[in-house]
Number of protein chains: 2
Amino acid sequence: MDSLGETIRKLREEKELPLRTVAAFLDIDQAILSKIERGQRNANREQVVKLAEFFKIKENELLVSWLSDKLVYEVADEDMALKALQVAEEKVKYNKSKRK
Amino acid sequence: MDSLGETIRKLREEKELPLRTVAAFLDIDQAILSKIERGQRNANREQVVKLAEFFKIKENELLVSWLSDKLVYEVADEDMALKALQVAEEKVKYNKSKRK
DNA sequence: TGTATTTTTGACAAATTCATTCAAAATAGA
DNA sequence: TCTATTTTGAATGAATTTGTCAAAAATACA
């Protein structure tokens, strides 16, 4: 149940790399990466894709992790969070079938 | 499977009220309400609560509709949309159990 | 038709949020 | 302690959101 931040921090620490190295690859300030790892900032799509490339993990897995983090953030503190997520699922399924 | 906008437009038309009337109750310009009804603008929490009050419907139902709209919007155009919603659900459940 | 009413649109401004940079402070390890 | 790394927060600028307003478009209906 790791967040994107926790996931990439673990990966980075496994390889014993400083923030600097990964940040350079992403072409961002290391302060930003530090914040992303601790969930204080949102990564953008491009950064997630590059992170997957850097750590050689499946891009889609990391994208799901990133997207779901954003969703959780969106409904945080709402009593109706779970219900809203379930209804959103229905809506997405409905839209999908409608588009065919 | 109605969006918040569709829901409140139907309610307003049932009662044959002009945008003006509902907008006045919400204390917003009728242009904004027009856009909310057609999904071009997001309502805020306060407006949703007032709309429920105005139309005398359950506040929670309208909040779920509003929240789920935002979630759908967030994952729109993403292939991983459904998966992300499911993972987000797991995360919310996990956080809930953890907070106890 | 013509007229009144309602709805939609888009330009604009204000307010708010968001991302980024930077340097200093805190932390960790030898 | 010395050094490298990480975290923090203030400052800035960019981007997004929010609302106002007036005109245009659509609608209703005599």
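Computation of the quantities below employed the complete heavy-atom set of this structure, encompassing side-chain atoms and omitting hydrogens, waters and symmetry-equivalent molecules. Below, read A as the first sequence line, B as the second, and so on, with proteins coming before strands; counting in each chain starts at 1.
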Open item on the list: Are the side chains of A:V22 and A:L51 in contact, using a 4.5 Å heavy-atom criterion?
Closed with: yes

Task: Heavy-atom side-chain proximity of A:L82 to B:K96 below 4.5 angstrom - done: yes

Taking OP1 and OP2 of [N], is either one under 4.0 Å from a side-chain nitrogen or oxygen of [X]?
X     : N     : answer
B:R12 : C:dT7 : yes
B:R9  : C:dT8 : yes
B:S34 : C:dT8 : yes

Once you round it to whole Å, what is the distance between [atom2] of [N] and [atom1] of [X]?
X     : N      : atom1 : atom2 : answer
A:D29 : D:dG9  : CG    : P     : 16 Å
A:L26 : C:dT20 : CG    : P     : 11 Å
A:L17 : D:dA4  : CG    : C1'   : 14 Å
A:Q30 : C:dA19 : CD    : P     : 19 Å
A:I36 : D:dT6  : CD1   : C1'   : 15 Å
A:E74 : D:dT17 : CD    : P     : 11 Å
A:E13 : D:dT7  : CD    : C1'   : 14 Å
B:I28 : C:dT7  : CD1   : P     : 13 Å

Open item on the list: Regarding A:R20, tell me which of base, sugar-phosphate or nothing describes its non-hydrogen contacts under 4.0 Å with the strands shown.
Closed with: sugar-phosphate

- [ ] Pick base, sugar-phosphate or nothing for A:Q40, based on heavy-atom distances below 4.0 Å to the nucleic acid.
- [x] sugar-phosphate

Task: Main-chain N/O of B:L17 paired with B:R12 side-chain donor or acceptor, under 3.5 Å - done: yes

Open item on the list: Using a 3.5 Å distance criterion without hydrogens, assess whether the side chain of A:D2 forms a donor-acceptor pair with backbone atoms of A:T7.
Closed with: no

- [ ] Take B:R41 and B:L19, find for each the nucleotide of DNA chain C with the closest heavy atom, and name the residue whose nucleotide sits nearer the 5' end.
- [x] B:L19

Open item on the list: Taking the nucleotide of DNA chain C with the nearest heavy atom to each, does B:R38 or A:N44 sit closer to the 5' end?
Closed with: B:R38

- [ ] Give a yes or no on whether a salt bridge exists between B:K50 and B:D27, defined as a side-chain N under 4.0 angstrom from a carboxylate O.
- [x] no

Open item on the list: Quick check: any donor-acceptor pair below 3.5 Å linking the side-chain of B:K35 to the base of C:dG10?
Closed with: yes

Open item on the list: Nearest to the side chain of A:N42, heavy atoms from C-beta on, is which of C:dA19, D:dT5, D:dA22?
Closed with: C:dA19

